[in-house]
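Input: a single structure, listed below in C-alpha cells.
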Amino acid sequence: MFNNENTVPMLRFSNYNSPWNAVRVNEISDLVTSGSRDWAQYYSDSGCKFIRMTNLPKEGINLILEDLKYVSLPTDSSEGKRTSLLPGDILISITAELGKIGLVPENLGTSYINQHTALVRLKEEINSSFFAQLLASPKVRINLNRLNDSGAKAGLNLSSIKSFKCFLPKLEEQKKIADFLSSIDKKISLQKEKFAFLTQYKKCVMQKLFKQEIRFRDDSGNNFPDWQIKKLGDCFAHHNDKNGGEDNQLLSVKMNGGVVPRNEIVGKDNSSDDKSKYLKVDTGDIVYNSMRMWQGASGLSKYNGIVSPAYTVITPKENYCAKYFSHFFKFPNTVNLFRRNSQGLTSDTWNLKFPLFSQIKVAVPSQNEQEKIAEFLDILDTKLNALNQQIELTQTFKKGLMQQMFV
C-alpha cells in the first residue's frame, strides 16, 4: 500500500539514514476520540481547565492558555472520564479552523475538551512531541486538511483521523527532532514574551503621558508649558482635495492603525474603480476611517497617494506634530472620546466626519513636548517592530526546516 514512496526526509541529523516507516494514526495510538456537547452547563469561575479550539495555536504546538474557561463536573461524570486530558495527548481542531495542533503539557492539570477537538493518545513507543510537530508541519497539515468532510461546514471526522497516514523514524531520531524543534519553540516563546511585555509597557506609559502623570522636560531641564485645551479643528485642516489620477497609489488604513498601500491588505489595488472622487494624501497627513475611528482605525501616512472618500484626510497645522497625534489617537481614552462624539448610524456603526471631529476638545501640550512624546513612543514602536520581525523570521526559519525534516 505504501510502496514507491519517498520515505527519507531531505534534511536529517548525522548518523541517521534508515527509511521512515509508514503508519496509520490508529496503529500508533491507544485512543482517538473527541469531546461531547453541552459543556456550557458545567462552566464555572474556577475548577478544571476546559480546552477549546481557541486554545490551539495557529502556529506551533504549544497551547494558548491566557484565555481559559473552567468547568465543574459531577464526580460520576462518564464524559469527564472519557475526555479528560493527560500529559502528552495531542489535540486536533476538527471544525472551523481545521488541523490546528496542540500538545498537552506536563503541568496542565485536570482538563477536558469539547466536540470541536479530537484527542489522540499515542502508544508509549511514539514520542508525542515529535508527532505533534509532525502534524503541525506544513506538508502534513495540508494533507490533514484534505480529509475535510466537504459538507456544508468544514470538519474532520474521527475515522479519517484514525486512518491518516504518516511516516515515522525510529524513536531515537524522533526524540532528536523533537528536542531540536522544541528549542526553537522556546526561542519563539521568549520573543513573544518580550513583545507582550513591551506592548504592555507602552500602554502603561501612554496612559501616564496623556494623563500628564509623567512629563518631559526641555533640553535645559525646565518644565514645558501647561497643556492647553484645544478643538481638534484648531490643530488640523481638512485635506479635501480630489485627485482621480490613475497613476496614484491607492492607500488604505489597517484596523490596527497604519496607512499602507491597499494591495498589502486585499492583494489588489481596485484599479477598475472610478477614482475621480478619491482624496489626495500627502506624506505626513493623518488618515482615518470615518466609521471606524472609534476602533483605532487611523494612521500617519508615509506615502503620497489617494484614498477612498470613506476616509477623512487631515493635515496638521503649524505648531502641531502629526506623529504626536498619530499616537494620541490610539490612546483608549481618546478612542472613547471619538465614539462619544460620533454620529450613531446603527447600534454598532458610528460616523466621525470632519465637522464633528473638528469640534472635539482635547488637552494639547506645546509643540516641543509633542515632539518629545512622539520621539519616545516612536522608539518603543521601533523596538516592537524589530521584535515582531524577529518572531516572524524565527517562525519562517522553523517552517523551512520542517518542510525538509519531515516526509
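Computed from a predicted model, the values in this text were never measured in an experiment.
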So, for Ala136 and Met402, which heavy atoms are closest and what is the spacing to 0.1 Å? C-CE, 4.0 Å
Please say whether more than 12 non-hydrogen atoms of neighbouring residues, nucleotides or ligands are located less than 6.0 Å from CG in Asp219. no
For Gly233, does its backbone N or O pair with a side-chain atom of Gln359 as donor and acceptor, under 3.5 Å? no
Verify side-chain contact (heavy atoms from CB on, under 4.5 Å) between Leu250 and Val307, making sure each step is shown before the conclusion. CA-CA 6 Å; Leu250 183 59; Val307 292; 5.7 Å; no
Side chain to side chain, Tyr288 and Val253, heavy atoms closer than 4.5 Å: no
I'd like to know if the side chain of Thr315 and the backbone of His239 have a donor-acceptor N/O pair within less than 3.5 Å. no
Identify which one of Tyr43, Trp39, Tyr70 satisfies the ring-ring contact (aromatic ring centres under 6.0 Å, His included) criterion when paired with Tyr112. Trp39
Would a distance-only check, ignoring hydrogens and angles, find a side-chain to backbone donor-acceptor pair under 3.5 Å from Asp179 to Lys176? no
With rounding to the nearest 0.5 angstrom, report the CG to CG distance, Leu147 to Leu98. 9.5 Å
Are Asp218 and Lys372 within salt-bridge range, i.e. N to O under 4.0 Å? no
Derivation of the side-chain hydrogen bond (donor to acceptor under 3.5 Å, both in side chains) call for Lys139 and Gln404: CA-CA 10 Å; Lys139 286 188 291 188; Gln404 302 179 69; over 6 Å; no
Shortest non-hydrogen contact from Trp20 toward Met405: CH2-O, 3.1 Å
Parallel under 30°, tilted from 30 to 60°, perpendicular over 60°: which one fits the rings of Phe130 and Phe406? tilted
For the residue pair Lys330 and Lys203, establish whether any side-chain heavy-atom pair is separated by less than 4.5 Å. no
Using modelled atom types and a 3.5 Å cut-off, is there a donor and acceptor pairing between side-chain atoms of Ser93 and backbone atoms of Gly99? yes
Is a side-chain donor-acceptor pair under 3.5 Å present for Asn157 with Ser159? yes
Between Lys123 and Glu27, is the closest basic N to carboxylate O distance under 4.0 Å? no
Working to the nearest 0.5 angstrom, can you tell me the gap between Ser29 OG and Phe131 CZ? 8.0 Å
State whether Arg121 and Asp30 are salt-bridged, where the test is any N-O pair (Lys NZ or Arg NE/NH1/NH2 against Asp/Glu carboxylate O) under 4.0 Å. no
Quick check: are there more than 12 heavy atoms from other residues, nucleotides or ligands sitting under 6.0 Å from CD of Glu124? no
Gln370 side chain to Pro365 main-chain N or O, any donor-acceptor pair under 3.5 Å? yes
Value rounded to 0.5 Å, distance of OG in Ser128 from CG in Leu86: 11.0 Å
Just wondering, are more than 12 heavy atoms of other shown residues or ligands nearer than 6.0 Å to NZ in Lys58? no
Under 3.5 Å: donor-acceptor pair, side chain of Thr396, backbone of Glu392: yes
Does one side chain, of Asn351 or Ser342, offer a donor that lies under 3.5 Å from an acceptor on the other? no
Taking all non-hydrogen atoms of both residues into account, name the closest pair between Gln174 and Pro169 and its distance. NE2-O, 2.9 Å
So with a 6.0 Å cut-off around NZ of Lys317, is the heavy-atom count from everything else above 12? yes
Check whether any side-chain heavy atom of Thr199 sits under 4.5 Å from a side-chain heavy atom of Leu384, and report yes or no. yes
Is it true that a side-chain atom of Gln403 and a backbone atom of Gly400 form a donor plus acceptor pair closer than 3.5 Å? no
Ion pair present between Lys100 and Glu97, side-chain N to carboxylate O less than 4.0 angstrom? yes
Mutual orientation of the aromatic rings belonging to Phe197 and Tyr201 [parallel < 30°, tilted 30-60°, perpendicular > 60°]: parallel
Looking at Lys323 and Glu371, is any side-chain nitrogen of the basic one under 4.0 Å from a carboxylate oxygen of the acidic one? no
Mutual orientation of the aromatic rings belonging to Phe236 and Phe329 [parallel < 30°, tilted 30-60°, perpendicular > 60°]: tilted
Are any non-hydrogen side-chain atoms of Tyr42 and Cys48 less than 4.5 angstrom apart? no
Would you mind telling me which of Leu144, Val140, Leu56 makes a side-chain contact (heavy atoms from CB on, under 4.5 Å) with Ile101? Leu144
Taking all atoms of both residues into account, what is the closest heavy-atom pair of Ile90 and Leu122, and its distance? CD1-CD1, 3.6 Å
Smallest heavy-atom separation, Pro57 atom then Ile64 atom, equals CA-CD1, 3.8 Å
Would you say CD of Gln207 has more than 12 non-hydrogen atoms from neighbouring residues, nucleotides or ligands within 6.0 angstrom? yes
Given salt bridge (Lys or Arg N to Asp or Glu O under 4.0 Å), test Glu59 with Lys398 step by step and report yes or no. CA-CA 10 Å; Glu59 301 281 348; Lys398 183 189 174 188; over 6 Å; no
Does any part of the side chain of Leu135, heavy atoms only, come nearer than 4.5 Å to the side chain of Ile92, both counted from C-beta? yes
If we ignore hydrogens and angles and just use 3.5 Å, is the side chain of Lys49 paired with the main-chain N or O of Leu68 as donor and acceptor? no
Should the pair Lys69 and Phe50 be classed as cation-pi, given the thresholds of under 6.0 Å to the six-membered ring centre and 45° from the axis? no
May I ask you to decide if the ring planes of Trp227 and Tyr324 are parallel, tilted or perpendicular, using 30° and 60° as cut-offs? perpendicular
Got a second to check how far Leu134's CG is from Ser129's OG, nearest 0.5 Å? 11.0 Å
Does the side chain of Leu356 reach to within under 4.5 Å of the side chain of Gln343, using non-hydrogen atoms? yes
Would Thr334 and Phe210 satisfy side-chain contact (heavy atoms from CB on, under 4.5 Å), going step by step from the backbone distance to the final call? CA-CA 9 Å; Thr334 310; Phe210 294 131; 5.9 Å; no
Do you see a donor-acceptor pair shorter than 3.5 Å between the side chains of Arg146 and Asn143? yes
Please determine whether a side-chain nitrogen of the Lys or Arg among Lys280 and Asp285 lies less than 4.0 Å from a carboxylate oxygen of the Asp or Glu. no
Between Gln191 and Asn388, is a side-chain hydrogen bond (donor to acceptor under 3.5 Å, both in side chains) present by the stated rule, with each step listed? CA-CA 8 Å; Gln191 290 171 335; Asn388 192 51; over 6 Å; no
Indicate yes or no for a side-chain donor-acceptor contact from Asp234 to the backbone of Lys230 under 3.5 Å, with no hydrogens or angles considered. no
Atom CG of Asn26 and atom CG of Leu158: how far apart are they, to the nearest 0.5 Å? 12.0 Å
Is there a donor-acceptor pair closer than 3.5 Å between any side-chain N or O of Thr117 and the backbone N or O of Ile113? no
Should the heavy atoms of other residues, nucleotides or ligands under 6.0 Å from NZ of Lys194 be counted, would the total exceed 12? no
Passing option when Val287 is tested against Leu300, Val281, Thr312, Ile314 for side-chain contact (heavy atoms from CB on, under 4.5 Å): Val281
Determine whether Leu119 and Thr83 make a side-chain contact, defined as any pair of heavy atoms from C-beta on separated by less than 4.5 Å. no
Does some side-chain heavy atom of Glu375 sit less than 4.5 Å from a side-chain heavy atom of Ile373? no
Minimal heavy-atom distance between Tyr278 and Pro309, with the atoms involved, is CD1-CD, 3.8 Å
